[in-house]
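The structure appears right after this line, and notes come after that.
Note that this is a predicted model, so its numbers are computed, not measured.
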Amino acid sequence: MPLFQNLTMHRDSRYRLLSMFESRFKRQFYQSFGAFFLTQDTSIHHSTRLVPSLVSGESFEVQNGYYYYPMRQGGSVYIGRAAKHEDAAGETYLACLGHDYLSYRLYEVETPNGKCVFPHDECLGRYRVTDLDVYCVGQTWWFHCGSHLDAEIVLSMPLSETDRDAFCFLMSDVEHVLLVQQGHRFFAVPYVSIRDVEGVCSRMPSQRSWAKNIWVNPLNQAMVEPWLFDGDPLFEAASKKERMKFIQSAKNGYYFVNVCGRMFWVEASLVLSVLPYQVPQTIIQFTDAGAECVDFLVHDGHCVDRILSGATFGEELAVSSAKAAFTLILEWQNESILVSCSSCDWHDNVPDYDVAFDGISSLLPTSEEGGRDFLSSALSSEMLINKKNYLSFVAGVWPSFSLA
């Protein structure tokens, strides 16, 4: 990442170093997608595409009635499997192959409500639309681009950078489309303009429904690759998800932080980074339930969208709270949260006085309303967040989080 973002280096020198790094990195940590399968078959799509080889040595058997393909989500690459027949089981992930650290070329698509990006290796090209190419099935429009390939036309973008209503293309306004593949489905994305950009994929270990990937360009600006699926796009995992401890240097002591008048003792080993206050980026997600604001921050290739701030305690408290001065990024067992606080002090130990630190997990609620009631009452005193109760704390504040 530092090399990728180093714009003070001469352009030719930078690209030579990047090319050398990439070629060596590919040889040591990447292999072709088809190498993960015991036999080569036409059901294996993109078999020559390079993917991370974290699980090298493990092989998968090709089963009749399924397609297999690489899928990049949250910065990681998965082995995806889809049924050839619609009446069979849906799409699923068989294994995670590891995080993708390489830089890629992306298409940046401009719409009246903002921009989004799609990687070249998941796009099949740009097409001019004619009346003969378009047909309607029920409430959806489809684009036929030859070779027995049909793609659903995306007339409303699922994400926006403004607070206006979701932008919808009228079919009469669609002149050009970008053909995008997600999983085993194809989408035709109308655009006003399009350009090439360079990006690396940030790490977001837990799946999110609002974005497929968050990319970072050489100027350290975040670019969103949205899901184009209708409904919940999160694919089922074929095996139980394992929580992995994030490897970082050992830290001793505790951080004592003030979040909108609420005092937290945070075990230092949970803290990934302590930064001057960072303003999160906001986008709007459009679902059947309406519009919802999503805040997120990308730091050092790490994307966090669970933010503990004054707004967590209610709008009234947020307005009257002290101005945030620090941003802490907490990470444990693949779950990250961002803490915006007005003060942050380090201590060797937690003070020895009666504070109800133990048994916190049993008090945590299982609903959003309960979570806010808990924060406005139980946190009137000080609270300790450590490795023992961290996941329970996340589940209490963000009820959609699952400990399973």
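Between L106 and F118, every side-chain heavy-atom pair lies at or beyond the 4.5 Å cut-off. Q40 has its side chain within reach of S47: a pair of non-hydrogen atoms, C-beta onward, lies under 4.5 Å apart. With contacts defined as side-chain heavy-atom distances shorter than 4.5 Å, the pair Q221/V216 does not qualify. In this structure the side chain of L308 reaches within 4.5 angstrom of the side chain of W398, judged on heavy atoms. Under the 4.5 Å side-chain criterion, counting only non-hydrogen atoms from C-beta, P280 is in contact with I307. Q285 has its side chain within reach of S209: a pair of non-hydrogen atoms, C-beta onward, lies under 4.5 Å apart. Looking at heavy atoms from C-beta onward, L270 lies in side-chain contact with K387 at the 4.5 angstrom threshold. A heavy-atom distance below 4.5 Å is not found between the side chains of W265 and N386.
Rounding to the nearest 0.5 Å places CH2 of W332 at 9.0 Å from CG of L391. In this structure, I214 CD1 and R208 CZ are separated by 10.5 Å, a value rounded to the nearest 0.5 Å. One distance of note links OG of S340 with CZ of F326; it measures 12.0 Å at 0.5 Å rounding. Atom CZ of R24 and atom CD of Q28 lie 8.5 Å apart (nearest 0.5 Å). One finds the CG atom of D100 at 13.5 Å from the CZ atom of F29 (value rounded to the nearest 0.5 Å). Atoms CG and CG, from L338 and L297 in turn, are 5.5 Å apart once rounded to the nearest 0.5 Å.
Among residues at least two apart or in separate chains, salt bridge (charged side-chain N to carboxylate O under 4.0 Å, His left out) pairs with a member in residues 217-226 are K212-E225. Under the salt bridge (charged side-chain N to carboxylate O under 4.0 Å, His left out) criterion, the residue pairs touching residues 178-187 are E152-R185, with sequence neighbours excluded.
Between the side chains of D41 and S43, at least one donor N or O lies within less than 3.5 Å of an accepting N or O. Of the N and O atoms on the side chains of Q181 and Y69, not one donor lies less than 3.5 Å from an acceptor on the other residue. The closest side-chain donor-acceptor pair between H302 and R203 falls under 3.5 angstrom.
For the residue pair V259 and C341, the shortest heavy atom distance occurs at CG2-CB, 4.0 Å. Minimum heavy-atom separation, S103 to E22: OG-OE1, 3.9 Å. Nearest heavy-atom pair across Y30 and L50 is CD2-C, 4.1 Å. Looking at every heavy atom in both residues, V266 comes nearest to V271 through CG1-CG2, 3.9 Å. For G199 against M223, the heavy-atom pair with the smallest separation is CA-CE, 4.3 Å. The two atoms that bring A151 and L179 nearest to each other are CB-CD1, 3.3 Å, heavy atoms only.
Remark: R49 fails to qualify as a cation-pi partner of F33 under the 6.0 Å distance and 45° angle criteria applied to the six-membered ring. Judged by the 6.0 Å distance and 45° axis criteria, K84 is not positioned over the aromatic ring of Y66.
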Residues V200, L102; criterion side chain to side chain contact (heavy atoms under 4.5 Å, CB included); working and verdict: CA-CA 6 Å; V200 292; L102 301 178; over 6 Å; no
Please assess V197 against R195 for the test side chain to side chain contact (heavy atoms under 4.5 Å, CB included), listing each intermediate value before the final yes or no. CA-CA 7 Å; V197 296; R195 71 186 184 102; 3.6 Å; yes
Could you give me the CA-CA distance, side-chain angles and deciding distance for V174 and W141, then say whether side chain to side chain contact (heavy atoms under 4.5 Å, CB included) is met? CA-CA 11 Å; V174 176; W141 289 89; over 6 Å; no
Please determine whether side chain to side chain contact (heavy atoms under 4.5 Å, CB included) holds for the pair Y107 and V117, giving the CA-CA distance in whole Å, both sets of side-chain angles, and the decisive distance to 0.1 Å. CA-CA 5 Å; Y107 286 118; V117 295; over 6 Å; no
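In this pair, Y93 and Y78 present their aromatic rings parallel. The plane angle is below 30°, not in the 30 to 60° band.
For T140 (side chain) and V137 (main-chain N/O), a donor-acceptor pair under 3.5 Å exists by modelled atom type. Between the side chain of D345 and the main chain of V257, no donor-acceptor pair closer than 3.5 Å is present. Side-chain N or O atoms of N213 include none that pairs as donor or acceptor with a backbone N or O of W215 at under 3.5 Å. Within the 3.5 Å criterion, the main-chain N or O of G253 finds no donor-acceptor partner in the side chain of D348.
Shown are W227, F229, F296; of these, the ring pair (Phe, Tyr, Trp, His ring centres under 6.0 Å) with W210 is made only by F296. Put simply, the residue from L124, L228, D150 that forms a side chain to side chain contact (heavy atoms under 4.5 Å, CB included) with F186 is L124. The residue from N220, L272, L275 that alone fulfils the side chain to side chain contact (heavy atoms under 4.5 Å, CB included) condition with H299 is L275.
Ring centroids of F37 and Y68 are separated by less than 6.0 Å, placing the two rings close together. Under the 6.0 Å cut-off for aromatic ring centres, H176 and Y127 do not qualify, their centroids lying 6.0 Å or more apart.
Under a 4.0 Å N-O distance rule, the pair E267/K251 does not qualify as a salt bridge. Note on R72 versus E122: salt bridge recorded, some NZ/NE/NH1/NH2 to OD/OE distance being below 4.0 Å. Salt-bridge check for R128 with D133: failed, with every basic side-chain N at 4.0 Å or more from each acidic carboxylate O.
For R105, the side chain to side chain contact (heavy atoms under 4.5 Å, CB included) criterion is met by H120, D196, E198, not counting sequence neighbours.
By the neighbour-count criterion of 12 heavy atoms within 6.0 Å, atom CG of N64 is sparsely surrounded, having that number or fewer from other residues, nucleotides or ligands.
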